[in-house]
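Here's the structure we're looking at; comments come further down.
Protein chains get the first letters and strands the later ones, always in sequence-line order, with residue 1 at the start of each. Treat the numbers as computed from the prediction; the structure is a model and nothing was measured.
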Amino acid sequence: MGNTGRLRACGSVLDRFSLPWVAILPSTLAHRPNPTRSERTGAPPVPIIQEDDRNEPLYRMRHSLAHVMAQAVKKLYPGTLLGFGPPVANGFYYDFLFSEDAEISEDDLARIQKEMRKIIDEHQEFSREDLSAQDALERIRAMQEPHKLEYAQELLQQHDSLSFYTNGPFVDMCEGPHVENTVELPKDGFKLDSLAGAYWRGDENNVMLTRIYGLAFPTRKELKEKLRQIEEAKQRDHRKLGRELGIFIISDEVGKGLPLWLPNGAIIRHELEKLAYETEFRYGYLPVATPHITKEKLYWTSGHLPLYEKVMYPPLRMYEDAEEGGAAAESGEGEPEKYYLKPMNCPHHHMIYAAQPRSYRDLPLRLAEYGSCYRFERSGQLQGLTRVRGMCMNDAHLYVTPEQLLEELKAVMELHREYYELFGFDNYFMRLSLWDPEDPKRAEKYFDQPEAWEFSQKIVQQALEELGLWYKLSVGDAAFYGPKIDVQFRTVLGREFTLSTNQLDFAQPARFGLKYVDRDGTEKTPYCIHRAPLSTHERFIGFLLEHYGGAFPTWLAPVQVVVIPIGENQLAYASKIRDTLRSSLVRTETDDSDASMGKKIRTNVTRKVPILLVVGGREAEAGTVTVRRYGIKEQRSMSLEAFVDAVAEEIRGRQHVTEW
RNA sequence: GCCGGCGUAGCUCAGUGGCAGAGCAGCUGAUUCGUAAUCAGCAGGUCCGGGGUUCAAGUCCCCGCGCCGGCUCCA
């Protein structure tokens, strides 16, 4: 049973990224045991996190600090109720329900922190008790902790007993483990750093608790190092870099979540589209283009309307004869036509498939488009470029026969691998989302065809395993039309998010009546694979900004080369170099400002231009350039011709040059 | 959407209820420089918006909007 059957009273969040892929824990562990990869597939057992991992000193220390914080809060704010309080990646948190007259803000954190230090100084011992179901419930009732009681009752459906930890006057239902004595806790290695709302059990229908986050490390030095890292990460925040580098802006007047792409950002988009077009051409895709809006009926056919409506913009309503001041528009009688901004591209692509009869000889048919989509995300969710309302997706739909499904899925995953290698991504993991046959609401959440789910889930898993890709299973997170392979990344600021996504769709083709004539002359329904390896321009470029810290490889850099004449005598030579490079399609500028050379270098280094060509009298005379690459101290001189060839090759090959 | 915080020049940020400020960026002039900041001057403001308290509000109160951190969801 390993870890999967054990539930923790305090909850648990481990840092999945700090562990090898094989050691990934199901994220839903705290709520419901997930089958492990080996249990699902019968494959050899996979090493997953064992009980021992929770005996790590760091884990115990953070966990115990959470309890100390809860004790401090209950002392300073009597009547406060408890939620969960687990250790997390860089520290711990605890959720509280403060009594109504206790207003708490970030200013109060220092007070709580001070109280925590006092508790640590009391050298309180942690002791564990295991109580039978009945004793446990009695204990919790006596504690008057309604949230703990609710969770205990749930736990007792699977467990015969529950454990409690006591330190000083504080008792918590908790599986542990903890340190033995508060003396082991680092008085100056922790810091309460933020206050946030969090729904009880993560469900917005529940009460909102107040979560206090703390950072915690064994020593003050390590804490300070983490704080420094956090500061450094802020310098890589794509919102900051996006503004500084002129990539995008988001204007209140246009609307939240609707980025405006500045020239530098539009160039990056264009380069990504070129990359996608070339790569997809090699993989046998065909380009298509579709409009941004569509009539309502399409989304009834696809099934989006009942299931997806809450993230769609409300419909535009119009009368076809409105322009002529027609009778219907005038009187408002009759039904107006409803148009929706498209939240996805698939229905449009299905219409292209359906536009002509298809034979098995036409399959696989791979239709690709960078398609614009609009989703009405809730305002609190919007996040720079990584979470927006208007986006442009690296989309494609592959229509395949059942026999082709496995190979096509594998090709799609290979495509991901190729892209990620090009960009140098390695900090990600795959998540395979399945339906949940036990979900009481499954008929509302999914197309309810058990055999189709079983078949398509099996094929997807087979594809991942034949390619040797590790993945995490996530039951209940499938798309409504089929299983999903998401690729999870983490931003520099530590937020996990989905970059690429792929789905196997067994439902929509049938709903759209898509057919192909098979070898034997009968009509059959194809499967559809949805895939978006380069995500959306918004999310992808947001991530790239952080990944590269704004210092793009030459092929992606909005300005690839800046020529810096040392004095005004070299202006003509600088212009000649610029024109030569431009005729080789290298994005080049000259810096002809009258600033000092040092200032010009500084300015263009700040812009993170990959290559600066410094030219003075020597270069002009010899017909050479002195090359100064971003992030590389050493400079090189070479003939202009040699440089043009080298940089053109570097761009054509989409190379990453990090050293000479 | 909900909980907490924040909103002053293009950017980063000072500003004790009593004249709206600095650095960088911009513009003008001087300077023409050998690998990360030459000098001087000028200009730049609905202090997020609306209402209120006050002799007086960037500052205090209320409402709205936006942003940031989280919850949840997701490309």
Looking at residues at least two apart in the chain, or sitting in another chain, which of them share a side chain to side chain donor-acceptor pair (under 3.5 Å) with [X]?
X: A/Y481; result: A/Q503
X: A/R607; result: A/E589, A/N604
X: A/D505; result: A/Q508, A/H530
X: A/T536; result: none

What pairs of nitrogen or oxygen atoms, one from the protein and one from nucleotides 63-67 of chain B, lie under 3.5 Å apart?
residue, atom, partner, partner atom, Å
B/rG66, OP1, A/K256, NZ, 3.2
B/rG66, OP2, A/K256, NZ, 3.3
B/rG66, O2', A/D252, OD1, 3.4

message = Run the salt bridge (charged side-chain N to carboxylate O under 4.0 Å, His left out) test against A/E538 and tell me which residues pass, sequence neighbours left out.
response =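 Counting only residues at least two positions away or on another chain, A/E538 forms a salt bridge (charged side-chain N to carboxylate O under 4.0 Å, His left out) with A/R269.
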
request  = Sort and list the pairs that fulfil salt bridge (Lys or Arg N to Asp or Glu O under 4.0 Å) and have at least one residue in residues 252-263 of chain A, not counting sequence neighbours.
outcome  =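 Not a single pair qualifies under salt bridge (Lys or Arg N to Asp or Glu O under 4.0 Å).
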
Within residues 383-396 of chain A or reaching into it, pairs that qualify as salt bridge (Lys or Arg N to Asp or Glu O under 4.0 Å) - sequence neighbours excluded =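 Salt bridge (Lys or Arg N to Asp or Glu O under 4.0 Å) check on residues 383-396 of chain A returns A/E377-A/R387.
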
ask   = Which nucleotide in the list B/rC33, B/rG4, B/rA36 gets nearest to the side chain of A/R628?
value =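 The nucleotide sitting nearest to the side chain is B/rA36.
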
Set of ring-ring contact (aromatic ring centres under 6.0 Å, His included) partners for A/Y374, sequence neighbours left out =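 Result, ring-ring contact (aromatic ring centres under 6.0 Å, His included) vs A/Y374: A/H292.
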
request  = Check the side chains of A/T626 and A/S637 for a donor-acceptor pair under 3.5 angstrom, ignoring hydrogens and angles.
outcome  =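 Side-chain D/A pair, A/S637 to A/T626: present.
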
Expected rows: protein N/O vs nucleotides 7-12 of chain B N/O, under 3.5 Å:
residue, atom, partner, partner atom, Å
B/rU12, OP1, A/R243, NH2, 2.8

Selection residues 559-575 of chain A - residue pairs positive for side chain to side chain donor-acceptor pair (under 3.5 Å), sequence neighbours left out =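 Sorted result for residues 559-575 of chain A: empty, none.
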
key: Nucleotide-resolved protein contact map, nucleotides 38-45 of chain B, B/S/- at heavy-atom distance under 4.0 Å   = S-------

